[in-house]
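Worksheet for the structure shown next.
Bear in mind the structure is a predicted one, so any value in this text is a computation, not a measurement. Each chain gets a letter, A, B and so on, in the order its sequence line appears, and its residues count up from 1.
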There are 2 protein chains.
Amino acid sequence: MAVTIKDVAREARVSVASVSRALNGHTSVTDQTRLRIMRVAEELRYIPHGAARSLITRRTQTIGALLPDLHGEFFSELIRGVDLAARARGLHLLVSSSHGDASEAAAALRAMQGRVDGLLVMSPHVDASFLRDHLPVGLPIVLLNTPIKGQHYAALNIDNFGGAYAMVRHLVARGHRRIALIAGPENNFDAAERLRGYRSAMEKFAPGSPVQVLPGDFTEESGYRAGKQLLELKVRPQAVFGANDIMAAGCLFALREAGVRVPQDIALAGFDDIPIAHFVSPPLTTVRVRIADLGARALGRLVAVIEDAATERDQMQMVDTELVVRQSCGTS
Amino acid sequence: MAVTIKDVAREARVSVASVSRALNGHTSVTDQTRLRIMRVAEELRYIPHGAARSLITRRTQTIGALLPDLHGEFFSELIRGVDLAARARGLHLLVSSSHGDASEAAAALRAMQGRVDGLLVMSPHVDASFLRDHLPVGLPIVLLNTPIKGQHYAALNIDNFGGAYAMVRHLVARGHRRIALIAGPENNFDAAERLRGYRSAMEKFAPGSPVQVLPGDFTEESGYRAGKQLLELKVRPQAVFGANDIMAAGCLFALREAGVRVPQDIALAGFDDIPIAHFVSPPLTTVRVRIADLGARALGRLVAVIEDAATERDQMQMVDTELVVRQSCGTS
DNA sequence: CTGAAAGCGCTTACAG
DNA sequence: CTGAAAGCGCTTACAG
């Protein structure tokens, strides 16, 4: 059915070896035969077969991305960053997401074997022992936002602790003492680090003030519920810090429904700086994570590991965050 | 380096054929040898090589997606829908996006050869002759939102015309006559269809009323500029219809800055129903496109074409839209 | 410069 | 039930 290198060789009356050389730009081909081969290849609309080439060259020119879910702006930005960086290097992107549990993640990992040159992994189900057990041996890998701190694997983490810490410091500087946190899901590394940053900064900058943690799971609904919940409180917090923007937005809706004004009655802050942070009213003060950048950097490191297996391993790099002040905590 | 089927065969003292049979669940293997093979495979952490398998089976278990860009919620939702549907069928997803021009799109198309079993194409650079020239022969394909109406190719289009038409009818029903449209980019099929729907409905439901089209390009900035522009007008429109949500949001910001109230002073509507539509204030009345659904349906059709090359071709299916009434056009 | 041959890691008729 | 062999479509030493 499809045109193969043999068809081109026959038609151009050369060996398949010459076709291969001509098409791959090797110098050791006469201009004359090269031209003939090129012409025939074009006529026949010959396209090399990726799998066959990969099998012999041991390179797929593809990198895999193992993600927990594709939902939300965080992941779309991340993939976008990875994709742009990959494209710039002529690499393809195989995405694999939405594995509900560890066994699905393991299956996805297996399926990558022979299809990718390296792997970007961001999955809550993944830890060091999981990788030891399921990672194809010798497959280069970069870990994103995982609790494994560079033991054997290159890793890239967002400075969640620092971001949360800076936000609390900012809120305290604006005169708030009673600052509540809407937390992210348990067992989520980002969430845990943000919580830790909140606690640590509260202790440092508002010692003696109540530490107040409302449960949440990074969804708008959980933010809304947290908002309702804090409206019931005898003593309301002066500021609410959502561990991500979408929960802060949910909380904002709960407050608005109750006629509580932001920022006049309660200050509100988020984390991530997804586009929504700027579209809600008032726009959210938040912690910016350059997500697309994160993706691009992760890809860059992966390529480094692929090209030189010896380099870079065992190293965890931190990605900075940045405080973005908008109106939800008051201005002036 | 990596463990191959030969290693397993040697260790289990059988032929590679038996290993292949055992691992692929063929019945013609003794339980005893099967067990032995399985155990050895596990011990050695053997994982079949994807490229090798693809080469011989002619199946990659992968579908490719050719997209214009990964930016924005539209594409993230689309990919999410495709990914979910693919995963449900055990298929992988190779994404390729951000090709600035036709030659890049062509290169991307070529690169898919031998890596995918079929292709989902949504690219502004793609038309019928382009596909004829660059599509690997025999590769199953489904077109999304392209002007090619099912000549030779299965296609899936959003009912942009119907959605825009219904929105204008709704605005007229709410008493508006002077309705302006913020248009999408030229040469964009979705944008053209929405414009056509607007014009057609204006003629039908508000005959004699001025048809007013402001230029835009689907970005927030262009919506903002359009908002500024219409504030200058001697006679302002009673309602503004953004050809997508993000432009409507940009316009909303321009109006808010000028102290013009929505919906009291001007009604505002969008198109797409991306999450932002619900987060802005007031929430946007818009036309919902079930984007993830669209992706899932597209994948389903592609699988049908792959499994039975004869079926379904030449057919353009339309995806319905749905009017979502929120507060930006007033309620009651 | 060019070709014949080996081989990448699999699967699958074909024998036995 | 099991194995030897052919072959998928390429690339690359090895000769000439």
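Every side-chain contact (heavy atoms from CB on, under 4.5 Å) that B:A296 has, sequence neighbours left out, goes to B:A85. B:I291 pairs by the side-chain contact (heavy atoms from CB on, under 4.5 Å) definition with B:F74, B:E77, B:L78, B:V289, not counting sequence neighbours. Not counting sequence neighbours, the partners of B:T4 by the side-chain contact (heavy atoms from CB on, under 4.5 Å) test are B:K6, B:D7. Here B:V303 pairs with B:R89, B:L91, B:L299, B:E307 under the side-chain contact (heavy atoms from CB on, under 4.5 Å) rule; sequence neighbours left out. The side chain to side chain donor-acceptor pair (under 3.5 Å) search around A:D159 returns none, not counting sequence neighbours. B:R297 is linked by a side chain to side chain donor-acceptor pair (under 3.5 Å) to B:Q317, counting only residues two or more places apart in sequence or in another chain.
A salt bridge (Lys or Arg N to Asp or Glu O under 4.0 Å) check over residues 11-22 of chain B, counting only residues at least two apart or in different chains, returns nothing. Judged as a side chain to side chain donor-acceptor pair (under 3.5 Å), the pairs with a partner in residues 43-57 of chain A (not counting sequence neighbours) are, in order, A:N24-A:R53.
Listed by residue number, the members of residues 33-43 of chain A with any heavy atom below 4.0 angstrom from DNA chain D form an empty set.
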Could you tabulate the donor-acceptor pairs under 3.5 Å formed by side-chain atoms of residues 32-39 of chain B, not counting sequence neighbours?
from, atom 1, to, atom 2, distance (Å)
B:T33, OG1, B:T30, O, 3.1
B:R34, NH1, B:A22, O, 3.2
B:R34, NH2, B:H26, O, 2.7
B:R36, NH1, B:A12, O, 2.3

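The two residues B:S96 and B:M112 have their closest heavy-atom pair at CB-CE, 3.5 Å.
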**OP:** Starting at the 5' end of DNA chain D, write a dot or bracket for each base, bracketing those in Watson-Crick or G-U wobble pairs whose two distances are under 3.5 Å and using | for partners on another strand.
**Re:** |||.||||||||.|||

Subject >> Annotated protein contacts, base or backbone, on nucleotides 9-14 of chain D with a non-hydrogen cut-off under 4.0 Å, one of B, S, - each >> reply: BSBBB-

